[in-house]
Amino acid sequence: MPASTLRSMAIPGELDDGAAHVMFIPSAGMAHLLPFFRFITALSSHSVHCSVMTVLPTVSAAEADHFAALFAAFPRIQRVDFNLLPLDASAFPGADPFFLRWEALRRSAHLFDQLIAGATPRVSAVVTDVALASHVIPVAKQLQLPCHVLFIASATMLSLLAYFPIHLDKKQDDDAGAAGIGDVDIPGVRRIQQSSLPQALHDLNHLFTKQFIDNGRALSQADGILVNTFDALEPVALAALRDGKVVPGFPPVYAIGLLKSSPSSSCTDGAGSEKQAAAASSSPSPIFAWLGEQPAKSVVYVAFGSRTAVSHEQLHEMAAGLEASGCRFLWVLKTTVVDREDTAEVRDVLGDQFLGRVKDRGLVTKGWVEQEAVLRHAAVGLFLSHSGWNSVTEAAACGVPLLAWPRFGDQRLNAIALESGGAGVWMERWSWDGEDGVVSGREIGEKVKAAMADAAVRARAARASQEAAKAVAEGGTSYRSMQEFIGKLKAW
Ligand code: UDP
């Protein structure tokens, strides 16, 4: 069986063969795919051919739905199927399914050259995901093609990724034998407390950590890094990266955010589409019908992204907190990392008694919701979030303040960035995965209530949203970064 297939050799549409042709090589996970899809659709509207390396089956149902929706909505975007080499998962017991997929992709990356070289019209540039950077950049270089990385998290996190290998090298020289990773003092950015580092980084043998270090070192070989942020949100980190304070000679950093949603993001998983259901019945879906009945800015939206599973004990405290807050709430419940495995019913998790007590002011749902549309809804006044970067950027664009409760990975760094950028407040003392202690319902209730009543927090979030709009408007910082990148693409 061939390692890969070009699904269609000629790109339908009116672009001529002389136009730039970018091969996108995304990785896995909705937080990685959605910004890719948003960027691809933005770029394809600038007379650039776009091809997308597509690995099926995906890890989650949501990814499969969104790939299908992208190609259905944009027939001019070329789909390039890729068959992964098998990976023996038993060599990584207990590993996160998304990290495993990244590893499988990394180990198959040497096969990408056939696909890139075989595409028509001739590929003129490659854009890849950071999880694959150390394996894809050399492939592109060998084909003498420029390679950019689309970084899907904050510029603050980018600075950690770039500096972490240097931190380890220095640590080995300075204090060999000292236990632990220690705080990471990123030059020109800030000191990151050991406790805020992604959990996996405390173990240098962890699969994620090995990938992180390799990718961090490889970034300097990229031709540029595109980041879904904007200058006014993360001025310090962006300046330090661009001035070479973090890593001397670092490639150009293009802050091109906040990326706008693409029509393909309006889709669903097997659990049922909000929009699809609404379109089919020409009446609002239950969630939007419910939101439509709530007063302006009265609802706390509670969601922890596409893959964060919170312990049952903590979920019960969250339920108690939302009840105690006295606020209206819309809660998207997820109990497993991969959506296909999430079979528990809301009532099994939270109990009929709780649901009965809050039925007049709370809605709990499972499955995929149209988060951006929820955040844009006039009824939503606060977002209790895990501070995944996409959730942060979506809330910041809408001016909905975040009450950030990081759980995992880069989320504490994102929380640092969002708080200093005015997009919300970080519950710094609230525990995350791997730390002892459950945050009590009483404390959650008090903080939710206080944040909902905090006019200053709301005003800062509204300002951040205005800055976000200015950045992408003609002449804004992100608009100019995008133009600069497109100009370079067309010159290659
Ligand atoms: N998302 C959504 N509906 C859901 C769950 C997630 O639209 O039910 C989207 C969300 O809007 C965001 C992305 O999936 O764009 C999740 O990315 P994020 O970086 O916030 O968190 P992660 O899923 O990586 O934890």
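Owing to the predicted nature of the structure, the values given are computational and were not obtained by experimental measurement. When a ligand or atom number is given, it counts from 1 through the structure's own listing order. Below, each value reflects all heavy atoms present in this structure, side chains not excepted, and no hydrogens, waters or symmetry copies.
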TODO: Name the orientation class of the two ring planes belonging to Trp102 and Phe99 (parallel below 30°, tilted from 30 to 60°, perpendicular beyond 60°).
DONE: tilted
Does any donor atom in the side chain of Ser196 or Gln193 lie under 3.5 Å from an acceptor atom in the other side chain?
no
Please step through side-chain contact (heavy atoms from CB on, under 4.5 Å) for the pair Leu207 and Leu100, ending with a clear verdict. CA-CA 8 Å; Leu207 176 60; Leu100 278 179; 4.2 Å; yes
Gly367 heavy atoms within 4.0 Å reach ligand 1 at atoms 8 (O)
Looking only at non-hydrogen atoms, the one of Asn228, Leu259, Val369, Asn390 nearest atom 8 (O) of ligand 1 is Val369
among protein heavy atoms, the one nearest atom 20 (O) of ligand 1 is Ser391 OG, 2.5 Å
Exercise. Is there a nitrogen or oxygen of Glu372 sitting under 3.5 Å from a nitrogen or oxygen of ligand 1?
Worked result: no
To atom 23 (O) of ligand 1, the nearest of Gly29, Gly305, Ser306 on a heavy-atom basis is Ser306
Self-check item: Min heavy-atom dist Lys334 to ligand 1 below 4.0 Å
Solution: yes
| query | Any Lys/Arg nitrogen of Glu372 or Arg38 sitting under 4.0 Å from an Asp/Glu carboxylate oxygen of the other? | reply | yes
Nearest non-hydrogen contact to atom 11 (O) of ligand 1 from the set His66, His32, Lys366, Glu394 belongs to Glu394
Closest to atom 13 (C) of ligand 1 among protein heavy atoms sits Leu34 CD1, 3.7 Å
For Arg307, the atoms of ligand 1 under 4.0 Å from one of its heavy atoms are 23 (O), 25 (O)
Going by the angle between their ring planes, with limits at 30° and 60°, are Phe112 and Phe82 parallel, tilted or perpendicular? perpendicular
State if His386 counts as touching ligand 1 under the rule of any non-hydrogen atom under 4.0 Å. yes
Self-check item: Asp231 bridged to Arg480 by N-O distance under 4.0 Å
Solution: no
**Request:** Could you check whether the rings of Trp405 and Trp430 sit parallel, tilted or perpendicular, using 30° and 60° as the cut-offs?
**Result:** perpendicular
Quick look: Trp368 vs ligand 1, heavy-atom contacts under 4.0 Å, and the answer is both
Verdict with supporting geometry, His202 and Gln194, side-chain contact (heavy atoms from CB on, under 4.5 Å): CA-CA 9 Å; His202 297 289; Gln194 180 165 224; 3.4 Å; yes
Original post:
Hey, are Ser134 and Arg106 close enough side-chain-wise for a donor-acceptor pair under 3.5 Å?
Top reply: yes
- prompt: Polar-atom distance check: Ala31 versus ligand 1, any N or O pair below 3.5 Å?
  reply: no
Exercise for the section: Tell me, please: is Ser385 in heavy-atom contact with ligand 1, that is, under 4.0 Å? Expected result: no
Near Trp389 (heavy-atom distance under 4.0 Å), the atoms of ligand 1 are 19 (O)
